[in-house]
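Chain naming here is simple, since letters A, B, ... match the order of the sequence lines and numbering starts at 1 in each.
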Protein chains: 2
Amino acid sequence: MIRLLLADDQDLMRSALSALLDLEDDFEVVAAVDRGDEVADAARTHQPDVALLDIEMPGLDGLAAAALLAERQPRCRVVILTTFGRAGYLRRAMEAGAVGFVVKDAPPEALADAIRRVMRGERVVDPELAAATLAAGRSPLTARERDVLGAARDAATVAEIAAKLFLSEGTVRNYLSAVIAKTGTRNRMEALRAADERGWL
Amino acid sequence: MIRLLLADDQDLMRSALSALLDLEDDFEVVAAVDRGDEVADAARTHQPDVALLDIEMPGLDGLAAAALLAERQPRCRVVILTTFGRAGYLRRAMEAGAVGFVVKDAPPEALADAIRRVMRGERVVDPELAAATLAAGRSPLTARERDVLGAARDAATVAEIAAKLFLSEGTVRNYLSAVIAKTGTRNRMEALRAADERGWL
DNA sequence: CGGAACCCCTGACAAATGTCACGGGTGGGT
DNA sequence: ACCCACCCGTGACATTTGTCAGGGGTTCCG
């Protein structure tokens, strides 16, 4: 019997996945949470063999939860289960100690298969996505450049970004300029999109 | 026995939902498709009582599929099932003839409940979302303004938008300015976000 | 016919954005 | 001690955006 922990913020998705996985004879869903920051606790009390973590979650995202889990409950394998097959997600998932990565539009057998293979000690990753990840390369952005770009997502104007990060406007413009150059784009907008497609955030 | 049709582009979601709904004694999933443009055909051959449609789908989106279904298979009730509780989605869903609207992070009982109530002839909508929809109002944008704003999503610069729509740059700037004014924002970026949150696209 | 509401364009202007060259500070390596 | 990469800032500049005030065209309606 393989003991499973589910973490996904959508109630319906969580319940539906639970129903799906319960159809398999050798699976048992022992815990289901809707927040990333509840994952570690739930794992401690229920001792699952495999944790299926969504990435987009309130509290703590799935990648951070995976890292925490790897540290606190190293016997529990982590499989990331996400809507988006973004290159950067995969890299960060692996760095966080995940051993499996499944996208939500994979065929349903793929998930069960991934879980069983992970239990045998294998790593499970979509080969195409792995290739894309290698192609994207590691982020060439400095920490500060990431901060500024991140702030640019919510703020409309340079002045707001500067205020939020306690920087001068000129500095912010410089960082943005650097980011635009490094992403090979021509805009904040494009840079933002390019950066988070490649997982450079 | 209530006959159900499922349409969602994510394989995993579709299978999982199917498993979940099959747990209920009075439900029977008679068809499941992954594209909007297959909904009408599937409904004709399998004669479901209720169609559960996701919005984001390739081929034809769920809203268009709902409209088609209302025309071709009027005996089949449509429930929209989506991740995003956006105001504009709800309005368009209702205009397309849907009688139910459920967001994917609703509790799992809510879905079953909605299906049964729809079968009794009721309309099912989250009251809070309904209020937001009324507050957002109908789109004040002209057709051309929508075109320009839509083109602005993919194009980075005014020149590109102008080229794509065969307009002069000045005209494009004017339309964008009008959109920014109407949305009460200060940017293309903000205007874009505001417009599609309110369903003004 | 005279509005009203669109469509498309122009030109001019202020404000925001992106680029460039520069200086000074820190800390980590070799 | 030196270089390197990063941090933060400045000032000046060209380009791009967003705004405003026009003008001329269509269609539809009272």
Side-chain angles (χ1 to χ4, degrees), chain A residues 88 91-92 95 136-201, chain B residues 88 91-92 95 136-201:
Chain A
R91 185 200 351 273
R92 288 198 284 157
E95 287 172 358
R138 167 170 265 90
S139 170
L141 303 182
T142 70
R144 219 48 179 153
E145 286 165 352
R146 269 193 301 275
D147 291 347
V148 172
L149 191 57
R153 190 194 310 282
D154 324 290
T157 146
V158 171
E160 290 177 34
I161 304 174
K164 193 174 301 189
L165 299 182
F166 304 102
L167 293 177
S168 100
E169 298 194 15
T171 306
V172 170
R173 279 211 294 270
N174 278 346
Y175 282 137
L176 284 176
S177 187
V179 171
I180 291 170
K182 286 181 181 176
T183 49
T185 54
R186 309 201 301 291
N187 270 347
R188 257 203 282 259
M189 282 226 293
E190 284 194 23
L192 211 37
R193 271 211 296 239
D196 58 34
E197 263 170 26
R198 298 177 211 172
W200 288 0
L201 196 153
Chain B
R91 187 202 346 276
R92 288 198 284 158
E95 287 172 358
R138 168 168 265 92
S139 171
L141 303 182
T142 70
R144 218 48 179 154
E145 286 165 353
R146 267 194 301 276
D147 291 347
V148 172
L149 191 58
R153 191 195 309 284
D154 325 290
T157 147
V158 171
E160 290 176 35
I161 304 174
K164 192 173 302 189
L165 299 183
F166 304 101
L167 292 178
S168 100
E169 298 193 15
T171 305
V172 170
R173 278 213 292 272
N174 279 344
Y175 282 136
L176 285 176
S177 186
V179 171
I180 291 170
K182 286 180 181 178
T183 50
T185 54
R186 309 202 299 292
N187 269 349
R188 260 204 280 262
M189 282 225 294
E190 285 194 17
L192 211 36
R193 272 211 296 240
D196 56 34
E197 264 172 26
R198 298 178 210 170
W200 288 0
L201 196 152

Novice: With a 4.0 Å limit, can you tell me whether A:Thr171 has a side-chain N or O closer than that to the phosphate oxygens OP1/OP2 of D:dC7?
Specialist: no
Novice: Rounded to whole angstroms, how far apart are CD on A:Glu145 and P on D:dA5?
Specialist: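 Atom CD in A:Glu145 sits about 13 Å away from atom P in D:dA5.
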Novice: For D:dG18, does either OP1 or OP2 sit under 4.0 Å from a side-chain N or O belonging to B:Tyr175?
Specialist: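 No, B:Tyr175 has no side-chain N/O under 4.0 Å of OP1/OP2 on D:dG18.
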Novice: A:Arg173 near the nucleic acid: base, sugar-phosphate alone, or nothing, with a heavy-atom cut-off under 4.0 Å?
Specialist: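 Contact class for A:Arg173: base.
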Novice: Calculate the interatomic distance between B:Arg186 atom CZ and C:dT17 atom C1'; express it in whole Å.
Specialist: 15 Å
Novice: Do B:Tyr175 and B:Asp147 have side chains that approach each other closer than 4.5 Å (heavy atoms only, starting at C-beta)?
Specialist: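 No; the side chains remain at least 4.5 Å from each other.
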Novice: In whole angstrom, what separates A:Leu167's CG from D:dC7's P?
Specialist: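 Whole-Å distance recorded here is 11 Å.
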Novice: How many Å lie between CD1 on A:Ile180 and P on C:dC20, as a whole number?
Specialist: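 It works out to 11 Å between those atoms.
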Novice: Send over the distance from A:Glu169 CD to C:dA16 P, rounded to a whole Å.
Specialist: 8 Å
Novice: Is the distance from OP1 or OP2 of D:dT10 to the nearest side-chain N or O of A:Ser168 less than 4.0 Å?
Specialist: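 Result: yes.
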Novice: How is B:Thr142 classified with respect to the nucleic acid when contacts are heavy atoms under 4.0 Å: base, sugar-phosphate, or nothing?
Specialist: sugar-phosphate
Novice: Mind checking A:Ala152 for me? I need base, sugar-phosphate or nothing, with any heavy atom below 4.0 Å counting as a touch.
Specialist: nothing
Novice: If the cut-off is 4.0 Å, is A:Arg144 near the phosphate of D:dC8, judged by side-chain N/O to OP1 or OP2?
Specialist: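 A:Arg144 to D:dC8 OP1/OP2: side-chain N or O found under 4.0 Å.
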Novice: Can you see if the side chain of B:Arg188 gets near the phosphate of D:dG18 - specifically, an N or O under 4.0 Å from OP1 or OP2?
Specialist: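 So the side chain of B:Arg188 is within the cut-off, an N or O lying under 4.0 Å from OP1 or OP2 of D:dG18.
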Novice: Hey, does B:Ala181 reach any base, or is it just sugar-phosphate, or nothing, if we go heavy atoms under 4.0 Å?
Specialist: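 Here B:Ala181 touches no strand at all.
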Novice: For the pair made of CG in B:Leu141 and P in C:dC7, what is the distance, rounded to whole Å?
Specialist: 11 Å
Novice: By the 4.0 Å heavy-atom rule, please label A:Ala159 as base, sugar-phosphate, or nothing.
Specialist: nothing
Novice: Could you check if a side-chain atom of B:Met189 sits within less than 4.5 angstrom of a side-chain atom of A:Thr157, using non-hydrogen atoms only?
Specialist: no
Novice: A:Leu149 and A:Leu141: which non-hydrogen atoms are nearest, and at how many Å?
Specialist: CD2-CD1, 4.4 Å
Novice: Think B:Thr157 has a side-chain N or O under 4.0 angstrom from the OP1 or OP2 of D:dT16?
Specialist: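 Result: no.
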Novice: Mind checking if A:Asn187 touches a base, just sugar-phosphate, or nothing, with heavy atoms under 4.0 Å?
Specialist: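 Since only primed, P, OP1 and OP2 atoms lie under 4.0 Å of A:Asn187, the category is sugar-phosphate.
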Novice: Which residue in the set A:Ile161, A:Asn174, A:Val172 passes side chain to side chain contact (heavy atoms under 4.5 Å, CB included) when paired with A:Leu167?
Specialist: A:Val172
Novice: For a quick check of understanding: with a heavy-atom distance under 4.0 Å over all strands, which category does B:Ala156 fall into, base, sugar-phosphate or nothing?
Specialist: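 The residue B:Ala156 makes sugar-phosphate contact but no base contact.
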Novice: Got A:Ile180 and A:Asn187 here, is their nearest side-chain heavy-atom distance under 4.5 Å?
Specialist: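 Sidechains of A:Asn187 and A:Ile180: no contact.
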Novice: Taking for each residue the nucleotide of DNA chain C bearing the nearest heavy atom, is the 5' side occupied by A:Val158 or by A:Asn174?
Specialist: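 Final value for this comparison: A:Val158.
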Novice: Does B:Asp154 reach the side chain of B:Lys164, with side-chain heavy atoms less than 4.5 Å apart?
Specialist: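 Yes. Closest side-chain heavy atoms under 4.5 Å.
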Novice: Would you kindly give the CE-to-C1' distance between B:Met189 and C:dA16, to the nearest whole Å?
Specialist: 13 Å
Novice: To the nearest Å, give me how far apart NZ (A:Lys182) and P (D:dA5) are.
Specialist: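 Distance, rounded to whole Å: 11 Å.
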